[in-house]
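Note that these values count all heavy atoms, side chains included, but never hydrogens, waters or copies made by symmetry. Since the structure is predicted, the reported quantities are computational estimates derived from the model, not experimental observations. This chain uses plain numbering: 1 for the first residue, then up along the sequence.
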Amino acid sequence: MKDGKDPTTITTVISRPNQSRALPQRLIQLLALFLILCFTVSLFSIYMIRKTGVVTTVTTAIPILQPCIQEQPINNLDRWITPRSNLIHTMSDKELFWRASFVPQVKRYPFARVPKIAFMFLTIGPLPLAPLWERFFKGYESLYSIYIHSLPSYEPCFPSTSVFYNRQIPSQIAEWGRMSICDAERRLLANALLDISNEYFILVSESCIPLYNFTTIYHYITRSKYSFMGSFDDPGPYGRGRYDPNMLPEVNISQWRKGSQWFEVNRKLASIIISDVTYHPKFSEFCRPPCYVDEHYFPTLLAIRAQNLLANRSLTWVDWSRGGAHPATFGANDITEAFMNKLHEGRECLYNNEPSFVCYLFARKFAPSTSQQLLLFAPEFLGY
């Protein structure tokens, strides 16, 4: 008062410090209230989880959902023994051959394995004799598998009920007499090796037909001590005459062999063929027309690596009687009763080192026009 100042002014000045102290206290109270609320909600949530068993429900739901997320569990044997329903993949040949070269070291299988025959169709495009093959395969679905290698541009149109539906493998252009044809055959073998149940592998073409019913052919192949590939020493101009000294030192002329392109091999020999990195480069570079690599590469390779496992003959009959660079092609007019009888007559060979009159299981070359006649004669002469 003695300073002559207004009392109201003094009151206002004094009250401001009190307001600044009150504001932080309110914030602290709100924060404490919020923390108490969060703690209460947490306690309530824990109580509800224990009360309702949500944790147990979620835990038990995880295994149920896993198959939807992962089609093939890592620890499930089915991953290794169940064949792929779709043969299309993006592996390169190098990757494919590496994957197919896996060989179990334990020989006894831990599951009930039924040996299957892999029928490998090396074709240009369509399979005009498919109706005949459909009849041949009918009823034996657990004993065979099918693989088709055609020109990459060909798009198959088999119905979903056909045994050939979705049996196309990733293919590349294959030229007769060139290494690309052997690469196509190795590609077929490698894709078929991915199915662990395939034990025997037969190469056929779109012009091939089976000469016996499925049971006869299955027993003939599965009971044989040997695989069927021609591998003989031909001293003439079409045998040793095709040998190039540049094949040395991997292949000398005494090891040079010749045989038919159409073969049957077991799983061990198929693995040898697709795993080869020693002889393939030599044949690719030094066996070119007039050296036809499809007649020499596999016969020579297996003669060197596993001669004792070969019957040294093919199971596919062809007619060379008409002469020329290629065997005869049969048309509709050729398919008569006399011709059908001829397919089984006049044969003699060794089967398991014993004389046999059943030497050929397949025959070629049959034109598309023969389909109906063959279907007509098949029940009587072919047994299916």
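Note that the CD atom of Gln261 and the CD atom of Glu185 stand 4.5 Å from one another [nearest 0.5 Å]. With rounding to the nearest 0.5 angstrom, the CH2 atom of Trp317 is 13.0 Å from the NZ atom of Lys365. Atom CZ of residue Arg187 and atom CG of residue Leu96 lie 8.5 Å apart, to the nearest 0.5 angstrom. Note: Tyr144 OH to Ile217 CD1 = 13.5 Å, rounded to the nearest 0.5 Å. Residue Ile81 holds its CD1 atom at 8.0 Å from CG of Asn76, rounded to the nearest 0.5 Å. Annotation: the span from Ser275 atom OG to Arg305 atom CZ amounts to 8.0 Å, rounded to 0.5 Å.
In this structure, Ser371 contributes its side chain and Pro368 its backbone to no donor-acceptor pair below 3.5 Å. The backbone N or O of Ile196 sits less than 3.5 Å from a side-chain atom of Arg113, completing a donor-acceptor pair. For the pair Glu199 (side chain) and Ser197 (backbone), a donor-acceptor distance under 3.5 Å is absent. Within the 3.5 Å criterion, the main-chain N or O of Lys268 finds a donor-acceptor partner in the side chain of Asn266. Tyr351 contributes a side-chain N or O that, together with a main-chain N or O of Tyr220, makes up a donor-acceptor pair within less than 3.5 Å. Asn341 places no side-chain N or O within donor-acceptor distance of the main-chain N or O of Ala338, the cut-off being under 3.5 Å. Using modelled atom types, no side-chain atom of Ser356 and backbone atom of Cys349 make a donor-acceptor pair closer than 3.5 Å. With hydrogens and angles ignored, the 3.5 Å screen pairs no side-chain donor or acceptor of Asp319 with any backbone N or O of Ala328. Side-chain atoms of Glu295 do not come within 3.5 Å of backbone N or O of Gly259 as any donor-acceptor pair. At distances below 3.5 Å, not a single donor-acceptor pair connects side-chain atoms of Arg186 with backbone N or O atoms of Ala270.
In Tyr238, the OH atom is not crowded: 12 or fewer heavy atoms of neighbouring residues, nucleotides or ligands sit closer than 6.0 Å. Around atom CG of Asn333, no more than 12 heavy atoms belonging to other residues, nucleotides or ligands sit under 6.0 Å away. Heavy atoms from other residues, nucleotides or ligands lying under 6.0 Å from CD of Glu155 number 12 at most. Residue-environment remark: CD1 (Ile173) stays at or below the threshold of 12 foreign heavy atoms within 6.0 Å. Around CZ of Phe357, the count of heavy atoms belonging to other residues, nucleotides or ligands within 6.0 Å does not exceed 12.
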**Pair Val358-Arg347, side chain to side chain contact (heavy atoms under 4.5 Å, CB included): steps then yes or no** = CA-CA 7 Å; Val358 178; Arg347 314 282 185 238; over 6 Å; no

**Request:** Please step through side chain to side chain contact (heavy atoms under 4.5 Å, CB included) for the pair Leu193 and Phe201, ending with a clear verdict.
**Result:** CA-CA 9 Å; Leu193 280 167; Phe201 306 80; 3.6 Å; yes

**Asked** What's the verdict on side chain to side chain contact (heavy atoms under 4.5 Å, CB included) for Gln255 and Glu250, showing C-alpha distance, side-chain angles and the deciding distance?
**Response** CA-CA 10 Å; Gln255 297 171 312; Glu250 287 77 9; over 6 Å; no

**Message:** Assess the residue pair His89 and Ile169 against the criterion (side chain to side chain contact (heavy atoms under 4.5 Å, CB included)); give the C-alpha distance rounded to whole Å, side-chain angles, the decisive distance to 0.1 Å, and a yes or no.
**Reply:** CA-CA 8 Å; His89 56 75; Ile169 68 167; 5.8 Å; no

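Evaluation of the ring-ring contact (aromatic ring centres under 6.0 Å, His included) rule for Phe381 yields Phe377 as partners, not counting sequence neighbours. Under the rule for a disulfide (SG to SG under 2.5 Å), the partners of Cys291 that lie at least two apart in sequence or sit in another chain are Cys287. Partners of Asp276 according to the salt bridge (charged side-chain N to carboxylate O under 4.0 Å, His left out) rule, which considers only residues two or more places apart in sequence or in another chain, do not exist here. With sequence neighbours left out, Tyr200 forms a ring-ring contact (aromatic ring centres under 6.0 Å, His included) with no residue at all.
With 3.5 Å as the limit, one finds no donor-acceptor pair spanning the side chains of Asn312 and Tyr226. In this structure, a donor-acceptor pair under 3.5 Å is absent between the side chains of Ser180 and Asp183. There is a side-chain donor-acceptor pair under 3.5 Å between Thr215 and Tyr140. Arg242 and His296 form a side-chain donor-acceptor contact under 3.5 Å, judged by distance and modelled atom types alone.
Note on Phe263: it does not cluster hydrophobically with Phe362, by side-chain heavy-atom contacts below 4.5 Å among ILVMFWY residues. The hydrophobic clustering, which links ILVMFWY residues whose side-chain heavy atoms are closer than 4.5 Å, places Phe214 and Met120 apart. Linking Ile, Leu, Val, Met, Phe, Trp and Tyr residues whenever their side-chain heavy atoms come within less than 4.5 Å leaves Leu376 and Ile335 in two separate clusters.
Between Leu189 and Ile273 the shortest heavy-atom distance is CD1-CG2, 3.8 Å. In terms of heavy atoms, Asp195 sits closest to Arg267 at O-NH1, 3.2 Å. When all heavy atoms of Ala190 and Ile274 are compared, the pair lying nearest together is N-CG2, 3.9 Å. Taking both residues in full, the closest heavy atoms of Ser231 and Leu310 are given as CB-CD1, 3.9 Å, listed atom of the first, atom of the second, then distance. Nearest heavy atoms, Tyr147 versus Ala118: CE1-CB, 4.0 Å. The shortest non-hydrogen separation linking Val103 to Ser271 is CG2-OG, 4.1 Å.
For the pair Phe283 and Met247, the minimum side-chain heavy-atom distance is below 4.5 Å. Residues Val293 and Arg178 fail the side-chain proximity criterion, which asks for heavy atoms closer than 4.5 Å. Pro299 is not listed as a side-chain neighbour of Lys258, based on a closest heavy-atom distance of 4.5 Å or more. Leu315 is not listed as a side-chain neighbour of Ile202, based on a closest heavy-atom distance of 4.5 Å or more. Using a 4.5 Å cut-off on side-chain heavy atoms (C-beta onward), Ile221 and Glu264 make contact. Here the side chains of Val265 and Leu309 are not in contact, with every heavy-atom distance at 4.5 Å or above. By the 4.5 Å heavy-atom criterion applied to side chains, Phe158 and Arg167 are not counted as neighbours. No side-chain heavy atom of Leu203 sits less than 4.5 Å from a side-chain heavy atom of Phe121.
Tyr243 does not carry Arg240 over the face of its six-membered ring by the limits of under 6.0 Å from the centre and within 45° of the normal.
Screening Tyr360, Phe228, Trp262 for a side chain to side chain contact (heavy atoms under 4.5 Å, CB included) involving Thr316 leaves a single residue, Trp262.
Phe339 has its ring centre less than 6.0 Å from the ring centre of Phe330.
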Atom pairs and distances, donor-acceptor, side-chain atoms in residues 122-139, under 3.5 Å, two or more places apart:
from, atom 1, to, atom 2, distance (Å)
Thr123, OG1, Gly125, O, 3.2
Trp133, NE1, Cys208, O, 3.0
Glu134, OE1, Val163, N, 3.4
Glu134, OE2, Ser162, OG, 2.5
Arg135, NH1, Leu375, O, 3.0

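Chaining together hydrophobic side chains whose heavy atoms lie under 4.5 Å apart places Trp176 alongside Tyr292.
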